[in-house]
Structure formats: C-alpha cells, structure tokens
Amino acid sequence: MTTPTASPVHATWLVARREVLSQVRTKSFIISTVILLVAVFATTVFGGIAVSRSANATPVAVVSETEAVLAGAPMIELHVAPDDATAVQWVEDGAVDAAVIPVTNSDAPLRYKLVALDEVPAIVTMATSISPEVELLDQGSSDEEWGLNYIVSLVFGIIFMMAVMTFGSTIAQNTVVEKQTRTVELLVSAVSSRVLLAGKILGISLLAISQTAAVVLAGVLGLAITGQGSLLSLLTAPMLWFVVFFIFGFVLFAAIFAASASLVSRIEDTGSVLSPVMLLVMAPYFIVILFGTNPTVMAVCSYVPFTSIVTMPVRMFMGGVAWWEPVLSLLILALSDALVIAIAARIYRSSVLRTGPR
C-alpha cells in the first residue's frame with residue numbers, strides 16, 4: 001500500500017502554514033505588531049489634532065463698513081457686528097480676537113483701525129497690511145506642498161524598508177537554522193526544495209502583507225477620526241497602489257533573502273551574504289528622500305523593479321502620472337519577480353543541503 005503524495009500546491013500551502021504559525025504563536029511577534037499599530041494610530045491622531053489646531057481660523061469682528069477689508073482673507077473667520085460698540089464689546093468678552101472698525105478722524109491714513117484686548121493676532125495684521133502686487137517667476141510647489149510630499153515619501157519608504165528588513169531577516173534566519181540543525185534534510189525528504197522555497201516565500205509574504213495592510217488601515221482610521229478627509233482622499237489611490245506594489249516587491253526581496261541565506265550554514269555568516277541585499281532594500285527609501293524633488297530621477301526609478309515599489313506610489317501622490325504608468329511599472333515588477341524567483345530556486349536547490357563554508 002503506497003502513501004498518497006501531496007500535490008505541489010497543497011505541499012506549498014502546508015509549508016506556508018507552518019511558517020505563519022511558527023511566527024504568530026510567538027509573543028515577540030504579537031507584542032511588536034500591537035505596538036506598531038498603536039504607534040501608527042497614535043501618531044496619525046496626534047498629528048491630525050495638531051494640524052487641525054494650527055489650522056483653526058482666527059475670529060475677527062467687523063462692521064458693514066469694514067467687512068470688505070478682510071473679505072476673502074485666509075485663516076480668518078469674520079463676525080459682522082451691528083455697530084462699532086458691539087464689535088468692541090465682543091473683543092472685551094473674548095468672543096473674538098480682534099475687531100476692525102472705522103475711524104472717525106478724517107486725517108488718519110487709513111479709514112479703519114484694529115482693536116484687540118492685549119495683542120493683535122499676527123494673521124490679522126498681515127491680512128490688513130497694504131502689500132504690492134506679487135508676480136512669481138518660478139511657479140514651484142509651495143513649502144506646505146513640499147512638506148506634505150516629503151512626509152508621504154518618508155512614510156512609504158520607512159514602511160517598506162522596515163517590513164522587508166524584519167520579515168526578510170526572518171526568512172534568512174529560518175533558512176540558516178534549518179540548515180544548521182539539519183531540519184532541512186527532513187523537510188526536503190518530504191517535499192522538493194522548490195516547494196519548500198515557495199512555501200517559505202508565501203508564508204512570510206502573507207505575514208508581511210497582512211501587517212503592512214493593518215498599518216495602512218490604522219493610519220486611515222487615524223485620519224478619519226481627526227477629520228482629515230481631504231488628505232485621506234488624496235492618499236487613497238496612492239495607498240492602494242502602494243499595497244499592490246508592496247505585495248510584488250516583498251516577494252521579490254523574499255526570494256533574494258532565502259537564496260542568499262541558503263549559501264551559508266551558520267547564523268554568524270549571514271551578515272556577509274545579506275549586506276548587499278540590505279543595500280537594495282534601503283535603495284527605495286533613499287531615492288524618495290534624496291531625489292523626491294527631481295522628476296527625472298523619480299520617473300526613471302519608478303520603472304526599476306527594486307525602487308518602483310515606493311517611487312511609483314509617491315509619484316502618484318505628487319500628481320502628473322498617466323494611468324498607464326503604474327500598470328507598466330507593475331508589469332515590469334511582476335516579470336522581475338518571475339525571473340528572480342527562478343534564479344533563487346536554482347541557488348536554493350543547489351545550496352540548501354550543502355554545509356561548511358559558503
């Protein structure tokens with residue numbers, strides 16, 4: 001009587017299930033995941049509160065004669081009083097921060113004056129100042145827009161880099177430990193090395209993708225709670241594309257981590273073979289941070305498989321990206337996945353049972 005052999009798909013799932021359960025059952029994974037989600041949620045909430053507080057409009061009282069002075073001024077909320085005395089009374093009561101009322105002196109250079117309790121808000125002073133017409137020869141992005149682009153680039157870059165470093169190191173460590181303890185010999189006797197590699201990549205990728213998706217959802221929830229609807233609408237499409245690119249990008253790096261780790265037989269030797277891989281992992285982060293304002297560099301890197309994972313979603317947030325560009329970039333990344341996995345499988349198959357020096 002022969003024992004039925006599991007199909008390659010079923011065997012791959014069994015290996016992936018083993019990798020997932022071995023991680024989620026550890027207290028370190030559970031605690032680190034909870035801390036990460038709480039940190040992301042708290043940072044988003046407190047950041048949104050700080051932004052909303054700084055963006056609150058300054059209440060200013062005006063009368064019908066002076067309403068036109070501040071009409072359309074940003075960050076100022078106008079309260080029209082029936083007369084001058086009421087406007088001044090609102091200032092004394094603390095209902096408004098300042099009042100703009102007409103002057104009775106015909107010799108005054110201006111036909112209105114500012115009234116405040118102890119200090120006139122700077123935003124009101126600037127809004128009532130007489131400024132010359134301004135023409136900008138360089139229509140570049142504003143400081144606020146540049147700052148937001150930088151923050152988004154920083155967040156996408158850090159999330160990808162930390163996730164790949166954390167879970168990629170897990171794949172490498174598991175591979176070397178199995179070689180060092182000769183557990184891999186038992187595993188390969190039950191399933192092929194290709195199935196073992198595919199199961200490892202699938203299992204750890206599911207963990208990394210799930211944690212990354214949870215981080216994105218925690219950030220979205222924080223933005224929604226703090227009323228950052230406009231920012232959330234701008235981030236929705238880039239975040240969804242980032243998750244899609246992350247899936248293909250992590251599989252690419254997972255295969256490289258597994259193949260590289262199979263070259264050594266001791267944990268102490270993993271640093272030498274993983275150093276070049278770590279440089280590739282950090283490349284997308286440094287590209288978007290150092291060259292985020294260079295459209296040529298960003299455009300080129302958004303089609304390079306190792307950097308497009310972050311640069312293309314960042315470019316989509318900045319705007320000016322045609323609909324076909326992320327599709328083409330994702331297609332190149334998917335083809336690169338297939339090529340790298342094929343090469344990694346050959347390296348893994350020929351190295352996973354070898355012991356001694358690499």
Side-chain angles (χ1 to χ4, degrees), residues 4-26 28-30 32-33 159-179 183-217 240 242-263 270 274 277 280-281 305-306 308-309 330-353:
T5 304
S7 65
V9 175
H10 182 60
T12 300
W13 171 247
L14 291 177
V15 175
R17 183 173 178 270
R18 171 180 172 270
E19 293 290 333
V20 171
L21 293 179
S22 64
Q23 293 298 318
V24 298
R25 287 174 177 172
T26 60
S28 59
F29 176 81
I30 297 174
S32 61
T33 301
I159 290 177
F160 175 77
M161 183 174 65
M162 296 304 297
V164 174
M165 282 187 173
T166 300
F167 291 99
S169 299
T170 300
I171 293 179
Q173 182 178 356
N174 291 350
T175 301
V176 177
V177 169
E178 289 172 358
K179 286 189 64 175
T183 305
V184 68
E185 297 178 6
L186 298 176
L187 295 174
V188 172
S189 65
V191 297
S192 67
S193 59
R194 288 179 179 271
V195 170
L196 183 60
L197 175 63
K200 285 183 174 295
I201 294 176
L202 176 60
I204 302 300
S205 296
L206 289 176
L207 285 175
I209 293 165
S210 300
Q211 190 180 81
T212 302
V215 168
V216 172
L217 289 177
L240 293 177
F242 173 71
V243 172
V244 174
F245 271 90
F246 180 90
I247 294 173
F248 287 89
F250 184 84
V251 170
L252 178 73
F253 279 101
I256 298 175
F257 270 98
S260 300
S262 68
L263 298 174
T270 56
L274 293 183
V277 186
L280 283 177
V281 174
F306 296 104
S308 63
I309 308 151
L330 189 61
L331 178 61
I332 295 174
L333 181 57
L335 294 176
S336 301
D337 279 5
L339 177 62
V340 169
I341 290 175
I343 297 174
R346 295 192 61 179
I347 297 174
Y348 188 86
R349 184 177 68 253
S350 60
S351 304
V352 72
L353 293 178

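- Pairs of residues two or more places apart, or lying in two chains, that qualify as salt bridge (charged side-chain N to carboxylate O under 4.0 Å, His left out) and include a residue from residues 168-178 are Arg18-Glu178, Glu178-Lys200.
- One finds the CG atom of Leu274 at 11.0 Å from the CD1 atom of Ile171 (value rounded to the nearest 0.5 Å).
- Between Phe253 and Phe306, the closest side-chain pair of non-hydrogen atoms falls below 4.5 Å.
- Residues Val20 and Val24 have side chains in contact (heavy-atom distance under 4.5 Å, counting atoms from C-beta outward).
- In this structure the side chain of Thr270 never reaches within 4.5 angstrom of the side chain of Phe257, judged on heavy atoms.
- Judged purely by atom type and a 3.5 angstrom limit, Thr166 has no side-chain atom pairing as donor or acceptor with the backbone of Ala163.
- To the nearest 0.5 angstrom, Thr26 atom OG1 is 11.0 Å from Leu21 atom CG.
- For Phe242, the ring pair (Phe, Tyr, Trp, His ring centres under 6.0 Å) partners are Phe156, not counting sequence neighbours.
- With values rounded to the nearest 0.5 angstrom, Gln23 atom CD is found 10.0 Å from Thr33 atom OG1.
- The side-chain heavy atoms of Thr212 and Phe250, taken from C-beta on, include no pair separated by under 4.5 Å.
- Taking the side chain to side chain donor-acceptor pair (under 3.5 Å) definition, one finds that Asn174 meets it with Glu19, sequence neighbours left out.
- Counting only heavy atoms from C-beta outward, the side chains of Leu339 and Ser336 never approach each other to under 4.5 Å.
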Under 3.5 Å, side-chain donor or acceptor atoms of residues 201-209 against the rest of the protein: list the pairs with distances, not counting sequence neighbours.
residue : atom : partner : partner atom : Å
Ser205  : OG   : Ile201  : O            : 2.5

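- Going from atom OG of Ser193 over to atom CZ of Arg346 covers 12.0 Å, rounded to the nearest 0.5 Å.
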Give the C-alpha distance, both sets of side-chain angles, the deciding distance and a yes or no for side-chain contact (heavy atoms from CB on, under 4.5 Å) between Phe160 and Met165.
CA-CA 8 Å; Phe160 175 77; Met165 282 187 173; over 6 Å; no

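- Heavy-atom contacts from other residues, nucleotides or ligands closer than 6.0 Å to CE of Met162 number 12 or fewer.
- Looking at residues two or more places apart in sequence or on another chain, you find a side chain to side chain contact (heavy atoms under 4.5 Å, CB included) between Ile347 and Ala259, Ser262, Leu263, Ile343, Ser351.
- Scanning for ring pair (Phe, Tyr, Trp, His ring centres under 6.0 Å) contacts around Phe248 gives an empty result, with sequence neighbours left out.
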